[in-house]
Every structure is written in C-alpha cells, then in structure tokens.
Amino acid sequence: MRIAIAGGGLGGLTLARILHRRGIDAVVYEREASRSARSQGGSLDLHPESGQRALTDAGLAGRFRSEARPEGEEHRILDPAGRILVHHTPPPGSFSGRPEIDRRSLRDLLLDSLPGDAVAWRHRLVAATPRPDGGFGLTFDGGHRADCDVLVGADGARSVVRPLLTDATLSPVATLVELSIGDADRRHPDLAELVGPGNLWCIGVSQILAAQRLGDGSIRVGISLPADDRHLDAYRSRRALLDMFDGWDRSLTALIEAGDGPPIPRRIEAMPTGTRWAHRPGVTLIGDAAHLMPPVGEGANQAMLDAAELAAELAGSPADPDSAIQAYEKAMFARVHPIAEMSARVQAMMLSPSAAEDIVRFFTPRPTEPAPAD
C-alpha cells in the first residue's frame, strides 16, 4: 500500500508519524524547499481531546511537554481605552489545560520524528490523475511524477486534492493583517509587559488588535477586520492601519508602530459548514483541505485529530484501505460539523459591533446552580 500525503503541515506530518510508528510507510510531498523555507506563523494551544491526543498516538507527548509553554495560556482582553475586561491566568506550570507551543517548534518536533526520506521537499502537487488499475498518478511542479495507491490531501486551504472529491468553494470571512516585533523584552519592554506571556486581545467595534508572545521572545501582532472588497494593498500602509484605530489608547496602537517590517495582509476564508463528499476509492482529505474553518483555535487541533483517526483506521485495515477511509470520513464528518458551526459563530461574534460585551460573556464562567433541596 503506497500512501502519498500531499502537504507537510501539522496534519500531514502527524499522519506520517503515526503510520510510521504502526509500521506503514508513507511519503509526504511538500512544496517548500526545506523546513526553514518560510516562517511557520505564531503559536497555538493544543487541546487535550484533539491535538494532544494525536501527539500521544504519535508517541511524542513527552517531547511536546518539553517544548510547550503552559504560561502561554495567559489571556488578556482589553477595550480600546486599555481597560482590562478579562484576565485569565493559568495555574503555574500546569499542563492540564491547553498549553501553547510555537507552530515552528511543533512542526520541527514532528519532522524530527520521521525518517529522513519520509518528506520529499520541493514537490508541489499540480495534478492527481486516476489510474485504470486504481490509485493515482501524481504530477509535481517541474515534471516529477509518482504513483500511489492511497492519496491523502493534507494540502491546506488551496488544496489540489480537494476537487477530486468536492466542488465546495471558499468564502472570505475576515481580513487579517500581521506584523512582528522581535526581541520585545529588550527593545520594547512596555509592549512585552502589555502582552504578557500569552495572548492579548484589544476589542473595538468590528475590529480587533491582537498580540501573541512566541517562545523566542518575539511578539506576533494581528489586526482582524471584517472582509470587504478593498484590495489587500490598502492594508500594507502602517499609517492607514493607525488611522483605522484612531482614538484608541496609544499604548495599544504602539503595537502597530513597533512592527519590524511592513504589514502583511491576507484574506481569511472558510469552507461551508457541513461540507461532505461521496466516498471515492483511494483518496481522502484531512485538516484545512477537508474543513477549512475560521482561525479561532480549532484548525490545527482538528487536523491533527483527523490524522490520528485516519492512521488508526488504516493501520486497523491494512488490506482494505477503502473501508478504512470510509470509516474515517463518516466519523470525521460527524465530529467536525458542530465544531465548524461553533467556529463560524465565534468568528462572527469577534468582529460584531457588540464584540466586547459578547466575548466577555463568552469567557466569563457561569455560576453553578445550587443543588436542589431534598
């Protein structure tokens, strides 16, 4: 059984690692030139029931604990005047919640767990053609070709594999503009103190100025705005961004001014909730390729859980991969649907005019009702 995994992100690498651990070979085809070809983004919180469970199946829970930052769970929510609305502080050193780990560190952890030839770098998939005897012929940018019996699309939002199964389209849900502040403790101690060891959200009317501390001491800044028809170039000017936050406390907008490079804007898109497809032999999808959601904390976790569940099914039925894929897809569709719906609601709430009140209510624990009297 020759398994090809298109995409060397967290989902694809988790799948390859668990399969390898179960004695099943798979090749990950990754378009990037190397693991250090580009920035891997900010940090993410791994949930016990999904991302952490997948790492346990991968035999990497111990290494995760050595790399993760439980203090990164600290979360501060402010209003435009700088007043604290919510301040969540995790128990010191506790791994019982959702500790943060930099995406780069997590990806390196997975890459280091694989044989050296498990990832084929510089292999951007451009076409997958069904073969008469089953499986697919793969064509990569530059003309290289390969064959496989099972193809797993782990190739993200712009998946090349997805059209083999569904014609689901992507819809814009927000505009995100990112900046980075390096060596914050030394160069910008006031901002380092403002952000703290975890996440900061400053919530206005249909706009959020967020910041996140990474393990290397840098701060990743993100500006979230409703999706509109303006060209992305309109968000590349620092001055234009500051104008959007006119009237906000200067201690907050200093996060925009301190960015080391030019602002980097991009559209945030999502697939329709409830997207499903009819089973097709020899091919399936995991992660963003299967269920692209707004980035509110579930994407990477669900991708890794997809990988763990698909690997378990394939390892349990090595002689019948199609039955394994069908079982995986049925369970995945049922699991992801409510999570995708919740993610869409949270995304809409965060960029609504009443976002501050709604989010404070969302993060405020409800008092437990007294037990009924005997």
Side-chain angles (χ1 to χ4, degrees), residues 36 38-45 67-90 92-93 98-108 174-205 207-225 232 234-266 268 295 297 350-351 355-356 359 363:
S36 59
R38 67 174 180 88
S39 168
Q40 295 301 310
S43 71
L44 51 89
D45 56 330
E67 296 278 354
R69 294 178 291 107
E71 69 277 8
E73 270 199 272
E74 183 168 338
H75 196 174
R76 308 176 187 192
I77 303 177
L78 280 59
D79 69 9
R83 292 185 293 261
I84 295 176
L85 304 177
V86 174
H87 188 180
H88 166 69
T89 304
R98 299 174 170 183
E100 295 275 336
I101 185 170
D102 289 6
R103 285 179 176 268
R104 176 189 56 78
S105 297
L106 182 55
R107 192 185 192 215
D108 283 348
T175 298
L176 176 66
V177 188
E178 295 178 302
L179 303 106
S180 182
I181 303 170
D183 195 11
D185 288 302
R186 183 182 65 84
R187 296 174 56 230
H188 299 282
D190 291 345
L191 295 180
E193 183 177 355
L194 173 71
V195 175
N199 286 273
L200 170 74
W201 293 355
C202 310
I203 302 176
V205 176
Q207 57 183 171
I208 293 179
L209 173 59
Q212 180 183 64
R213 178 63 71 99
L214 301 189
D216 63 1
S218 66
I219 294 174
R220 191 173 183 87
V221 179
I223 296 167
S224 295
L225 303 162
L232 288 179
Y235 300 98
R236 299 186 193 279
S237 161
R238 199 183 308 267
R239 181 69 263 163
L241 294 177
L242 289 168
D243 288 344
M244 293 177 191
F245 290 87
D246 185 41
W248 284 44
D249 189 276
R250 289 287 302 277
S251 66
L252 307 181
T253 56
L255 288 164
I256 300 174
E257 296 181 282
D260 293 330
I264 302 173
R266 59 189 174 95
I268 301 298
M350 291 177 67
L351 291 178
I359 289 176
F363 280 97

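Heavy-atom basis, side chains included; hydrogens, waters and symmetry copies ignored.
- Contacts of Thr253 classified as side-chain hydrogen bond (donor to acceptor under 3.5 Å, both in side chains), with partners at least two apart in sequence or in another chain: none.
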Side chain to side chain contact (heavy atoms under 4.5 Å, CB included) between Ile223 and Tyr235, intermediate numbers included
CA-CA 10 Å; Ile223 296 167; Tyr235 300 98; over 6 Å; no
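- Salt bridge Arg220/Glu178: present, at least one basic N to carboxylate O contact under 4.0 Å.
- Counting heavy atoms from C-beta on, the side chains of Glu74 and Pro90 come closer than 4.5 Å.
- Looking at heavy atoms from C-beta onward, Ile84 lies out of side-chain contact with Arg76 at the 4.5 angstrom threshold.
- Minimum interatomic distance between Pro80 and Gly204 (heavy atoms only, all atoms of both residues): CG-CA, 3.9 Å.
- The shortest heavy-atom contact between Ala210 and Trp201 is CB-CD1, 3.8 Å.
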Between Leu252 and Phe245, is the side chain to side chain contact (heavy atoms under 4.5 Å, CB included) condition met? List the steps.
CA-CA 9 Å; Leu252 307 181; Phe245 290 87; over 6 Å; no
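- Looking at Arg238, its side chain never comes within 3.5 Å of a backbone N or O of Ala258 through a donor-acceptor pair.
- No donor-acceptor pair under 3.5 Å is formed between the side chain of Asp102 and the backbone N or O of Arg104.
- Judged as a ring-ring contact (aromatic ring centres under 6.0 Å, His included), and not counting sequence neighbours, His188 has no contacts.
- The CD1 atom of Ile268 lies 4.0 Å from the CZ atom of Arg266; values are rounded to the nearest 0.5 Å.
- For the side-chain hydrogen bond (donor to acceptor under 3.5 Å, both in side chains) test, no residue two or more places apart in sequence or in another chain qualifies with Ser237.
- Judged by distance alone, with hydrogens and angles left aside, the side-chain atoms of Arg69 form a donor-acceptor pair with the main-chain N or O of Arg213 at under 3.5 Å.
- Taken from CD1 in Ile208 to CG in Leu78, the straight-line distance is 12.5 Å, to the nearest 0.5 Å.
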Going through the checks in order, is the side chain to side chain contact (heavy atoms under 4.5 Å, CB included) test met by Leu106 and Glu67?
CA-CA 8 Å; Leu106 182 55; Glu67 296 278 354; over 6 Å; no
Hey, mind stepping through Val86 and His75 against side chain to side chain contact (heavy atoms under 4.5 Å, CB included) and telling me if it holds?
CA-CA 8 Å; Val86 174; His75 196 174; over 6 Å; no
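- Shown here for Pro263 and Val177, the closest heavy-atom pair between the two residues is CB-CG1, 3.6 Å.
- Expressed to the nearest 0.5 Å, how far CG of Leu85 lies from CG of Asp79 amounts to 5.0 Å.
- Heavy atoms of other residues, nucleotides or ligands lying less than 6.0 angstrom from CD1 of Ile264 number 12 at most.
- Glu257 is listed as a side-chain neighbour of Leu242, based on a closest heavy-atom distance under 4.5 Å.
- Between the CG atom in Leu179 and the CG atom in Asp260 there is a gap of 9.0 Å [rounded to 0.5 Å].
- Under a 4.0 Å N-O distance rule, the pair Asp249/Arg83 does not qualify as a salt bridge.
- When all heavy atoms of Ala356 and Ile203 are compared, the closest pair comes out as N-CG2, 3.7 Å.
- Judged by distance alone, the side chain of Arg187 and the main-chain N or O of Gly182 form a donor-acceptor pair under 3.5 Å.
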Just list the side-chain donor-acceptor pairs under 3.5 Å for residues 190-200, sequence neighbours left out, or say none.
{"from": "Asn199", "atom 1": "OD1", "to": "Gln212", "atom 2": "NE2", "distance (Å)": "3.3"}
{"from": "Asn199", "atom 1": "ND2", "to": "Glu100", "atom 2": "OE2", "distance (Å)": "3.4"}

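- Arg236 pairs by the side-chain hydrogen bond (donor to acceptor under 3.5 Å, both in side chains) definition with Asp233, not counting sequence neighbours.
- Residues Ala68 and Pro99 come closest through the heavy atom pair CB-CB, 4.1 Å.
- Applying the side-chain hydrogen bond (donor to acceptor under 3.5 Å, both in side chains) criterion to Arg250, with sequence neighbours excluded, gives no partner residue.
- Listed here is the closest heavy atom pair of Ala184 and Ile219: CB-CD1, 3.6 Å.
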